[in-house]
Amino acid sequence: MSNAAPQENAQQTVTLTDNATGKQYEFPVLDGSTGPRVIDIRKLYGETGMFTYDPGFTSTAACESGLTFIDGDQGVLLHRGYSIKELAEKSSFLEVCYLLLNGELPNKQEYDDFHHMITIHTMVHEQMQFFFRGFRRDSHPMAVMVGTIGALSAFYHDSLNIDDEKQREIAAFRLIAKVPTIAAMVYKYSIGQPFMYPRNDLGYAENFLYMTFAVPSEPYKISPVMARAMDRILILHADHEQNASTSTVRLAGSSRANPFACIASGIASLWGPAHGGANEAVLKMLGEIGDKSRIPEFVARAKDKNDPFRLMGFGHRVYKNYDPRAQIMRDTCYEVLGELGIQDPLLDVAMELEKIALSDPYFIEKKLYPNVDFYSGIILKAMGFPTSMFTVLFAVARTVGWIAQWKEMIEEPTQKIGRPRQLYTGPVARDYVPVDKR
Ligand code: CMC
């Protein structure tokens, strides 16, 4: 499916007045298919000699995209037009991968072919396991992910030519197929268990659970509840338009770097606690709070301007309403804990924290709602994942979003290297002073 081209609306322009010179400049306004209108400032520098200043890109559309739409005020998230709620309830992760990559839901034959293509790429080059052995076993799993996913470019030379459509496609299949295998290897390496080869008779989520939790010495029974929950977690994290890691992938890719290197850069960006690292940080925070009686103390800290502490799992750059993914995650959390018969006191702390924060004027005024990471950690913990693996799981799911966004960018006819400008505030030109004169 090709994206609808942005429409320049002749009736709509924005006039900029330079009060210093009295000059006026007119800029076109573009309409997307939905969402805020966009001022087209591509000619701004050429015409005015000025840049725009927007640290953190709070008001800047850095690209055109047809994959994912978010209405942060309404709490809406759509992939290719389909609501995340419907996808989480009715679809499967691999179907969502197909949708993100191709623009339409697959018919039966298309799905079977896609499933086959992903399945036949699940193994990694045998040499990769020796590469793992260079890492300390107590390394953070995300550190090993950044290294090993980047290393895929050293193993798959026949899918590095980004000008070849077929190679781009194979790179996408390889990444979606191999990232779970590598993520499971990262876990196995950290606990000193043998790597488990992928099993192509299993579904995507089931196979990931198998590679992570099975051991060669005994049979492993995959719980359908766990497999369904894992598939849903993957769907909920699959793409989220131009977030920090996706923008990192696009920027790295804009220099025409190979896709494996670009995805490694996305993983590095995801790791931070303000982004994908938040799921790990939430669980640590809930553990620190420990008991409902201590919630007011932590809420007070989060509100204190002099304390850098923030309530992890709360707030979002785009959502000024409930993150729709958080609601589904919350329901899944109850389902999984109920089915597994687990009573986790951290869930009680989380529920009470959510209640208190949502009724506190500070959080209400700033429109700080729970985000996707707030409940995911509790589910992952119940499934048996250690906290340090949480962000790795996010990376497994987001790989499809990154690679679909990367492909979309590379396939644009006018793709340009990303190169922001700056507001320079450093010293102006001056002469070098020899060391004995300083
Ligand atoms: N706890 C307390 N105060 C907060 C929080 C929070 N979690 N989040 C934002 N605020 C306050 C912040 O102090 C600021 O106050 P003021 O206007 O008085 O200076 C105001 O709300 C706006 O915050 P901001 O940092 O300017 O907003 P942002 O859009 O730059 O940041 C965010 C968004 C997600 C980084 C931030 O809300 C945050 O740090 N949240 C905690 C980390 C987290 O849960 N991250 C996961 C995000 S969702 C998944 C993902 O993207 O990977």
Side-chain angles (χ1 to χ4, degrees), residues 54-60 68 70 72-73 75-77 84 142 145 233-250 265-286 288-289 295-330 350 353-380 387 389-402 405:
D54 184 21
F57 303 114
T58 54
S59 306
T60 296
T68 294
I70 303 174
D73 293 324
V76 168
L77 167 61
I84 189 66
M142 283 297 276
M145 283 294 282
I233 291 173
L234 295 175
I235 294 175
L236 294 179
H237 288 90
D239 190 47
H240 211 232
E241 52 118 305
Q242 309 312 320
N243 54 82
S245 56
T246 303
S247 300
T248 304
V249 169
R250 279 186 176 258
S265 74
I267 294 177
S269 169
L270 185 76
W271 192 358
H275 191 8
N279 53 13
E280 182 177 346
V282 168
L283 217 76
K284 281 193 183 141
M285 178 191 74
L286 293 174
E288 258 179 68
I289 297 175
I295 292 174
E297 179 195 325
F298 280 81
V299 171
R301 282 187 61 196
K303 288 157 53 175
D304 182 355
K305 278 261 164 263
N306 300 315
D307 189 331
F309 174 77
R310 285 184 168 201
L311 277 192
M312 300 313 285
F314 272 82
H316 199 275
R317 167 62 60 79
V318 182
Y319 293 118
K320 301 301 166 201
N321 200 327
Y322 222 106
D323 177 341
R325 302 168 301 170
Q327 274 169 332
I328 305 164
M329 201 63 95
R330 192 176 192 250
L353 178 60
E354 182 185 349
K355 203 167 90 194
I356 293 181
L358 288 181
S359 57
D360 188 295
Y362 173 94
F363 288 85
I364 295 171
E365 269 161 37
K366 294 189 190 304
K367 300 188 174 164
L368 299 170
Y369 290 84
N371 59 49
V372 68
D373 290 320
F374 190 63
Y375 282 103
S376 61
I378 299 174
I379 312 178
L380 295 173
T387 326
M389 278 295 288
F390 292 179
T391 313
V392 171
L393 283 254
F394 196 152
V396 169
R398 186 55 58 86
T399 295
V400 63
W402 290 328
Q405 299 258 0

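Just so you know, ligand 1 is whichever comes first in the structure, and atom 1 is the first atom listed for that ligand. The figures here come from the full heavy-atom set of this structure, side chains too, leaving out hydrogens, waters and symmetry mates.
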Which option out of [options] puts a heavy atom nearest to [atom]?
atom                    : options                : answer
atom 51 (O) of ligand 1 : H275, H240, R301       : H275
atom 28 (P) of ligand 1 : K367, R317, H237       : R317
atom 3 (N) of ligand 1  : Y362, F314, F309, Y319 : Y362
atom 23 (O) of ligand 1 : K366, R325, R310       : R310

Return yes or no for this condition: an N or O of [X] is under 3.5 Å from an N or O of ligand 1.
X    : value
K320 : no
G276 : yes
L270 : no
V372 : no
G313 : yes

Within a distance under 4.0 Å of any heavy atom of [X], pick out the atoms of ligand 1 and give their elements.
X    : result
A278 : 43 (C), 44 (O), 45 (N), 46 (C)
A302 : 2 (C)
F394 : 52 (O)

For [atom], what is the nearest protein heavy atom, given as residue, atom name and distance?
atom                    : value
atom 34 (C) of ligand 1 : G315 O, 3.7 Å
atom 4 (C) of ligand 1  : L368 CD1, 3.5 Å
atom 47 (C) of ligand 1 : N371 ND2, 3.5 Å
atom 48 (S) of ligand 1 : H316 CD2, 3.4 Å
atom 45 (N) of ligand 1 : A274 O, 3.1 Å
atom 49 (C) of ligand 1 : D373 OD2, 3.1 Å
atom 7 (N) of ligand 1  : L311 O, 2.7 Å
atom 42 (C) of ligand 1 : M312 CE, 3.4 Å

Let me confirm one number: the [atom1]-[atom2] distance from [X] to [Y], rounded to the nearest 0.5 Å.
X    : Y    : atom1 : atom2 : answer
N279 : L380 : CG    : CG    : 7.0 Å
Q327 : Y369 : CD    : OH    : 10.5 Å
M312 : D373 : CE    : CG    : 8.5 Å
S376 : L283 : OG    : CG    : 9.0 Å
I267 : R398 : CD1   : CZ    : 12.0 Å
M285 : L353 : CE    : CG    : 5.0 Å

*Do R301 and E297 meet the salt-bridge criterion of a basic N to acidic O distance under 4.0 Å?*
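No, no charged N to carboxylate O under 4.0 Å.
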
State, to 0.1 Å, how close [X] and [Y] come at their nearest heavy-atom pair, and which atoms those are.
X    : Y    : value
G315 : N371 : O-ND2, 2.9 Å
A326 : P370 : CB-O, 3.6 Å
I70  : V318 : CG2-CG1, 3.5 Å

*asked:* Can you confirm whether some protein heavy atom lies under 4.0 Å from atom 39 (O) of ligand 1, or whether none does?
replied: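 So far as the 4.0 Å threshold goes, atom 39 (O) of ligand 1 is in reach of a protein heavy atom.
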
*Can you spot which of I235, D239, I233 makes a side-chain contact (heavy atoms from CB on, under 4.5 Å) with H237?*
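With H237 as partner, I235, D239, I233 yield a single side-chain contact (heavy atoms from CB on, under 4.5 Å), made by I233.
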
*Do the side chain of T391 and the main chain of G276 share a donor and acceptor less than 3.5 angstrom apart?*
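Yes, T391 side chain to G276 backbone: donor-acceptor pair under 3.5 Å.
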
*Give a yes or no on whether the backbone of D73 and the side-chain of N321 come within a donor-acceptor separation of less than 3.5 Å.*
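Yes; at least one donor-acceptor contact below 3.5 Å.
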
Could you check whether any heavy atom of [X] sits closer than 4.0 Å to an atom of ligand 1, since that is the contact criterion I want to use?
X    : value
K305 : yes
G56  : no
F374 : no

*asked:* Centroid separation under 6.0 Å, is that true for the rings of Y319 and H240?
replied: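 Ring centres of Y319 and H240 closer than 6.0 Å.
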
